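Each remark here refers to the structure printed beneath this line.
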Amino acid sequence: MTAVPFSGMGVAMLSLSCHCGQVRIELATRPDYINQCNCSLCSKAGARWAYLDPSQASVAGTTHGYCRTDKGDPAAQVRFCANCGCTTHFVLTDSAVAKFGNGMMGVNMRLAEEGDLVGIELRFPDGRAWSGEGDFGYVREPVTIWQRDKSV
């Protein structure tokens with residue numbers, strides 16, 4: 001992912017939090033796109049992922065992890081708030097780090113304020129059909145996130 005510095009209204013960071021506020025995530029940059037994957041894990045976790053280098057994010061608060069059991073060698077451990085259960089982010093498993101390095105993590109952008117995501121492209125990868133190798137196919141065309149009209 002090519003990260004785009006967040007220059008809107010002089011704000012240098014993007015702040016996210018789980019429902020109860022015990023897990024807080026600060027991003028140094030805004031992502032240029034977010035993935036809403038349709039695989040069973042992402043769908044059931046209710047996540048929309050921004051992928052970034054771990055150096056671009058700080059996570060504070062107690063989380064628990066889950067690695068999917070339907071894959072022989074899962075690459076990601078999904079983290080969630082120990083108190084309210086909201087999916088917060090994912091980190092690479094030790095096995096994935098050994099293969100690919102530790103250059104990626106995912107942050108659940110559903111934890112962001114809606115207005116902070118205006119202008120970011122939302123993509124729809126077909127994770128259900130993805131073999132785990134190569135690029136994703138997509139189930140539909142991307143859209144740009146716009147703030148909803150609060151009066152409707």
Side-chain angles (χ1 to χ4, degrees), residues 1-8 11 13-19 23-59 61 63-81 84-149 152:
M1 175 184 103
T2 304
V4 178
F6 185 43
S7 58
V11 178
M13 294 186 111
L14 190 58
S15 297
L16 300 85
S17 69
C18 64
H19 190 262
V23 176
R24 304 190 73 57
I25 301 172
E26 298 285 332
L27 303 182
T29 60
R30 277 174 36 116
D32 57 349
Y33 69 92
I34 297 168
N35 275 346
Q36 183 173 311
C37 178
N38 69 349
C39 80
S40 60
L41 179 60
C42 293
S43 296
K44 291 181 184 219
R48 285 183 171 174
W49 300 113
Y51 306 122
L52 53 140
D53 188 280
S55 67
Q56 296 176 306
S58 67
V59 179
T63 62
H64 293 292
Y66 171 77
C67 284
R68 55 189 313 159
T69 57
D70 61 333
K71 302 285 183 193
D73 188 18
Q77 181 186 72
V78 176
R79 306 295 299 177
F80 54 94
C81 175
C84 69
C86 285
T87 300
T88 56
H89 65 292
F90 74 75
V91 295
L92 297 181
T93 61
D94 290 341
S95 173
V97 170
K99 288 181 198 171
F100 311 113
N102 194 21
M104 186 183 75
M105 70 178 289
V107 174
N108 184 2
M109 297 306 289
R110 288 196 185 267
L111 302 180
E113 293 297 323
E114 183 179 9
D116 290 343
L117 304 180
V118 170
I120 297 175
E121 184 177 88
L122 179 60
R123 298 177 181 177
F124 302 91
D126 190 3
R128 288 187 192 268
W130 186 52
S131 68
E133 305 269 333
D135 293 334
F136 286 117
Y138 291 88
V139 295
R140 62 183 261 205
E141 293 295 315
V143 297
T144 301
I145 298 173
W146 299 105
Q147 193 165 7
R148 284 183 279 167
D149 182 351
V152 176

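Counting from 1, the numbers follow the sequence of the chain as shown. Keep in mind that what you see is a predicted model, and the values were worked out from it rather than measured.
Using a distance-only test at 3.5 Å, with no hydrogens or angles considered, a donor-acceptor pair links the side chain of Arg110 to the main chain of Gly46. One N or O on the side chain of Thr88 and one on the backbone of Arg79 form a donor-acceptor pair closer than 3.5 Å. Side chain of Arg30 to backbone of Asp116: a donor-acceptor contact under 3.5 angstrom is found. Asn108 contributes a side-chain N or O that, together with a main-chain N or O of Arg48, makes up a donor-acceptor pair within less than 3.5 Å. With hydrogens and angles disregarded, a donor-acceptor distance shorter than 3.5 Å links the side chain of Arg128 to the backbone of Asn38.
Summarising the geometry, atom CD1 belonging to Ile120 is positioned 7.0 Å from atom CG belonging to Leu14; distances are rounded to the nearest 0.5 Å. Separation of atoms OG (Ser43) and CD (Gln36) is listed at 8.0 Å; rounding is to 0.5 Å. One finds the CG atom of Leu52 at 6.0 Å from the CG atom of Leu27 (value rounded to the nearest 0.5 Å). Note that SG of Cys39 is 7.5 Å distant from NZ of Lys71, once rounded to the nearest 0.5 Å. A distance of 11.0 Å separates CD in Glu113 from CE in Met109, rounded to the nearest 0.5 Å. Going from atom CZ of Arg123 over to atom SG of Cys37 covers 13.5 Å, rounded to the nearest 0.5 Å.
Thr144 and Glu121 share no side-chain donor-acceptor pair at under 3.5 Å.
The number of heavy atoms from other shown groups lying within 6.0 Å of CG (Asp70) is above 12.
The side-chain hydrogen bond (donor to acceptor under 3.5 Å, both in side chains) test with Lys99 is passed by exactly one of Thr93, Asp73, Asp94: Asp73.
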Between Tyr66 and Thr87, is the side-chain contact (heavy atoms from CB on, under 4.5 Å) condition met? List the steps.
CA-CA 10 Å; Tyr66 171 77; Thr87 300; over 6 Å; no
If you apply the rule side-chain contact (heavy atoms from CB on, under 4.5 Å), what do you find for Asp126 with Tyr138, and how did you get there?
CA-CA 5 Å; Asp126 190 3; Tyr138 291 88; over 6 Å; no
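Here the side chains of Ile145 and Ile34 are in contact, with some heavy-atom distance below 4.5 Å. Asn35 is not listed as a side-chain neighbour of Cys42, based on a closest heavy-atom distance of 4.5 Å or more. A 4.5 Å side-chain heavy-atom check between Val91 and Pro54 finds every atom pair outside the cut-off.
Ring geometry for Phe136 against Trp130 counts as tilted: the plane angle lies between 30° and 60°, on a 0 to 90° scale. The aromatic rings of Phe80 and His64 are tilted relative to each other, their planes meeting at an angle between 30° and 60°.
For the residue pair Met105 and Phe90, the shortest heavy atom distance occurs at CB-O, 3.3 Å. The nearest pair of heavy atoms linking Gln77 to Cys67 is CB-SG, 3.7 Å. Pairing each heavy atom of Leu92 with each of Gly101, the nearest pair is CD1-O, 3.5 Å.
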